[in-house]
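This is a predicted model, so every value here is computed, not measured. For ligands, and for the atoms within them, numbers begin at 1 and follow the listed sequence.
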Amino acid sequence: MPDFEVTIIGAGVIGLAIAARLSERHPNLVVVEKNEKYGMETSSRNSEVIHAGIYYQPGSLKARLCVEGREELYALCGKHGVPHKKITKIITATNPEELARIEAIYRNGTTNGVELKMLDRQATLKLEPNINTVGSIFSPSTGIISAHGLMDYFYHTAVAYGATVQHHCEVIGIDPLSGGYRITIDEHGHRSSFTTEKVINAAGLFADHIASMIGIDLERTGYKQYFAKGSYFVVTPSKAQLVSRLVYPVPLNEGLGVHAVLDWGGRLKFGPDVEYLHDKKIDYTVAESKRGAFAASIRRILPAIEDEDIAPDMSGIRPKIQKEGEPPKDFLIVHERERGTEGVVNLVGMDSPGLTSSPAIARYVEDLLYG
Ligand SMILES: Cc1cc2nc3c(=O)[nH]c(=O)nc-3n(C[C@H](O)[C@H](O)[C@H](O)COP(=O)(O)OP(=O)(O)OC[C@H]3O[C@@H](n4cnc5c(N)ncnc54)[C@H](O)[C@@H]3O)c2cc1C
């Protein structure tokens, strides 16, 4: 009999959402986390936006799990008091060419089942009088959420059902046994191991490294992750009231474009940009040298912002499975049965909208393992 029925590697929002979901019926579950507390990596370094599901390829996991996850999030936030606000969003076209592009975005979003409205210039300026616009898409179901509040909820739910969350515990090896796996961990330099029937790899930036521990060839499978840093600049408080909802540009290439984000402290931030970290070194500092480029991107949508109105703020790193310049790829959520590793689920390339999708991802993983 293995020590645990289920082991989840990684206590970010996705690992915790899965733990909260599975532990009700499978309480002999452990979450192992290398840091001193849950949620210290990508899950606490993002825009905290509840995405509506507008941009993703129809039929993709991102489209489906974002739309489902968004509805589940609003329901659970309302029921359990997780701080959130349906603040709404505008995607503004700043010239006639962009107008044609927002029509395509509108069609994509409605195909995904998202409620959207096209607004002309006047109607847009009524909502946001300070932005640069010739017309826009209005998304009534976009919101913001406290990522920490959500993780606290998932954590306490899992623990209340009897799950264990073990911090300071880095997974350094996974070996197959008959009917399960041996997990080797490093706790403060001390090595030990335990056995488990099922393994869920929710290790975020290191999910490809964990997948390689069970013998997956990262290049051949497309599981290799690239790090794409996203930095934010904060706007001076005297100009923080210039917008009252999330305002996005028409995306230019990778990412959604530097956009206006309102955070829980009432601050107005702009970000994230996209910067591939070719050495894969984790570095969260925000370079002052980006100020000029940031201010120029912001002025595209909010002309009143001067270079000196913004200051470097925070950053996060997205695990991407597409190389720089390649089109976006879908989440990879795979039960590795066909690769001969029954009971192992890998979650790779869990970039945005991973926070929004987290409750739906948890249900999807449950179906893969127990459906
Ligand atoms: C700049 C930016 C903006 C974003 N904005 C949004 C947004 O507005 N809305 C949205 O829906 N999504 C957004 N996202 C995406 C979202 O943040 C992620 O999809 C989500 O947080 C991923 O959660 P996770 O649990 O997979 O990863 P993580 O939070 O990274 O958690 C993984 C955990 O695994 C642990 N771990 C790794 N290796 C090991 C090991 N060997 N042993 C033990 N533990 C290990 C790590 O310490 C970490 O705690 C954004 C992302 C970024 C970077």
Which protein non-hydrogen atom lies closest to atom 7 (C) of ligand 1, naming both residue and atom, and how far is it?
-> His51 NE2, 3.5 Å
Would you say Ile9 has any N or O atom under 3.5 Å from an N or O of ligand 1, going by distance alone?
-> no
Which is it for Phe227 and ligand 1 at heavy atoms under 4.0 Å: side chain, backbone, both or neither?
-> neither
Do Asp152 and Tyr38 have side-chain atoms, one donor and one acceptor, less than 3.5 Å apart?
-> yes
Does Val199 belong to the same Ile/Leu/Val/Met/Phe/Trp/Tyr cluster as Tyr364, with side-chain heavy atoms less than 4.5 Å apart forming each link?
-> no
To atom 32 (C) of ligand 1, the nearest of Ala147, Ala202, Gly173 on a heavy-atom basis is Ala202
Would you say ligand 1 has an N or O under 3.5 Å from any N or O of Ser47?
-> yes
Check: Leu355 N/O within less than 3.5 Å of ligand 1 N/O = yes
Could you tell me if any non-hydrogen atom of Ser231 lies under 4.0 Å from any atom of ligand 1?
-> no
If you measure only the distance, is there a donor-acceptor pair under 3.5 Å linking the side chains of Thr341 and Tyr181?
-> no
Looking at ligand 1, does Met40 have a heavy atom less than 4.0 Å from it?
-> no
Are any of the side-chain nitrogens in Arg300 or Glu98 under 4.0 Å away from the carboxylate oxygens of its partner?
-> yes
